[in-house]
Amino acid sequence: MILDLLFPNRCIHCNTIIGSELLVCDLCFNQIHFTHYDYFENNPIKEKCRLLFPVENTFALIQFEEESLSRQIIHELKYRSRKKTGKILADWTVERLDFKDEKPDLLVSVPLHPKKLKERGYNQLHLFTETLSEFYKIPFDHQLIKRNHYSKAQALKDKKHRLEAVNTFSITQPVTGKHILLIDDVFTTGNTVSSIAWEILNAGNNKVSVLVMALDV
């Protein structure tokens with residue numbers, strides 16, 4: 001309580017004092033560009049994925065534009081130790097995503113290399129995934145996919161190096177006959193999710209759908 005008085009939570013965009021469970025104030029919330037994509041219908045992320053691998057359904061929560069509040073939110077989560085942002089983004093997702101009667105069997109998030117995990121202190125996707133798991137009653141597995149190589153952040157790579165992901169990931173245990181929802185933070189080239197998707201598809205009679213926090217347009 002005393003810490004809340006001395007160091008109140010503030011909107012990451014305009015610095016207005018807000019509730020401890022919030023990320024932005026009401027005025028700034030209206031500046032966030034939500035995609036409003038339909039998970040089951042054609043949308044820009046589904047079109048991009050289909051050029052790379054067989055995909056069932058896709059959803060992106062927000063647009064990841066240059067110099068936007070959406071980009072600032074993702075950077076708060078990934079680079080500024082605002083781990084709770086993952087839960088807030090998950091709460092926004094469940095307000096907009098309805099699986100109807102076709103829920104996936106398993107939630108799997110893109111893993112960090114152990115060295116990167118140690119540097120950052122947390123995987124920015126874990127709390128997001130766990131919050132979705134609790135709400136939708138779908139199990140998650142943070143260990144199914146292993147990242148084999150350490151690399152610098154995608155945001156720091158040029159486009160050529162973003163396209164290099166051969167043998168980056170591997171499956172750690174047998175999995176077959178599952179519909180897996182693959183979760184990532186930002187979809188840019190689709191290289192990361194494609195690399196993992198093919199590992200899942202080649203492991204057995206599996207299907208893959210994709211959910212990302214943001215789509216880089």
Side-chain angles (χ1 to χ4, degrees), residues 34-64 74 77 86-113 123-148 154 165-216:
F34 291 97
T35 67
H36 305 292
Y37 293 162
D38 188 308
Y39 174 72
F40 295 100
E41 301 297 329
N42 284 335
N43 56 56
I45 188 172
K46 184 173 289 186
E47 293 171 3
K48 291 174 181 287
C49 284
R50 282 178 171 168
L51 296 175
L52 301 170
F53 62 93
V55 67
E56 299 298 317
N57 304 301
T58 57
F59 181 83
L61 178 64
I62 56 180
Q63 302 282 4
F64 193 67
I74 299 298
L77 172 64
K87 182 181 186 308
I88 294 171
L89 286 165
D91 290 340
W92 294 348
T93 298
V94 301
E95 293 172 358
R96 294 164 174 81
L97 175 58
D98 183 1
F99 291 120
K100 301 177 183 177
D101 295 324
E102 299 181 36
K103 291 196 301 185
D105 301 309
L106 185 67
L107 307 183
V108 173
S109 58
V110 173
L112 294 177
H113 187 272
N123 183 318
Q124 72 275 8
L125 296 172
H126 282 184
L127 184 56
F128 178 82
T129 301
E130 291 159 14
T131 303
L132 296 182
S133 172
E134 182 178 3
F135 179 84
Y136 292 113
K137 308 303 180 187
I138 303 171
F140 65 87
D141 189 341
H142 292 325
Q143 309 303 321
L144 180 65
I145 304 296
K146 175 185 176 183
R147 185 183 286 266
N148 299 320
Q154 285 285 86
V166 179
N167 299 322
T168 300
F169 302 96
S170 58
I171 296 282
T172 62
Q173 61 195 51
V175 57
T176 185
K178 299 292 185 182
H179 181 186
I180 293 176
L181 182 64
L182 180 56
I183 297 173
D184 200 2
D185 45 30
V186 181
F187 186 104
T188 305
T189 64
N191 190 51
T192 297
V193 294
S194 177
S195 180
I196 297 175
W198 279 115
E199 293 294 330
I200 293 171
L201 293 169
N202 291 333
N205 184 28
N206 299 307
K207 298 187 294 185
V208 175
S209 290
V210 172
L211 186 160
V212 296
M213 296 174 177
L215 174 62
D216 189 344

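Just so it is clear, the structure is predicted and the values come from calculations on it, not from any experiment. Numbers here are sequence positions counted from 1.
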Gap between atom CZ of Phe40 and atom CD of Glu56 - 0.5 Å precision: 10.5 Å
Gap separating the CD1 atom of Ile200 from the CZ atom of Phe169, nearest 0.5 angstrom: 10.5 Å
Could you pull out every donor-acceptor pair under 3.5 Å between side chains of residues 98-112 and any protein atom, sequence neighbours left out?
unit_1 : atom_1 : unit_2 : atom_2 : d
Asp98  : OD1    : Lys100 : N      : 2.8
Lys103 : NZ     : Tyr136 : O      : 2.7
Asp105 : OD2    : His179 : N      : 2.7

What heavy-atom pair brings [X] and [Y] nearest, and what distance separates the two atoms?
| X | Y | result |
| --- | --- | --- |
| Leu52 | Gly190 | CD1-O, 3.6 Å |
| Thr131 | Leu127 | OG1-O, 2.7 Å |
| Asp216 | Phe64 | OD1-O, 3.5 Å |

Any side-chain to backbone donor/acceptor pair from [X] onto [Y]? Under 3.5 Å, distance only.
| X | Y | answer |
| --- | --- | --- |
| Ser133 | Ile138 | yes |
| Asn206 | Lys178 | yes |
| Asn57 | Ser209 | no |
| Thr172 | Leu144 | yes |
| Ser195 | Asn191 | no |

Taking atom [atom1] of [X] as the centre, does the number of heavy atoms from other residues, nucleotides or ligands within less than 6.0 Å exceed 12?
| X | atom1 | result |
| --- | --- | --- |
| Glu47 | CD | yes |
| Lys46 | NZ | yes |
| Gln143 | CD | no |

Side chain to side chain contact (heavy atoms under 4.5 Å, CB included) partner of Tyr39, chosen from Thr58, Val210, Leu181: Leu181
Verdict with supporting geometry, Leu125 and Asp185, side chain to side chain contact (heavy atoms under 4.5 Å, CB included): CA-CA 7 Å; Leu125 296 172; Asp185 45 30; 4.0 Å; yes
Student check: side-chain heavy atoms of Phe59 and Arg96 closer than 4.5 Å: yes
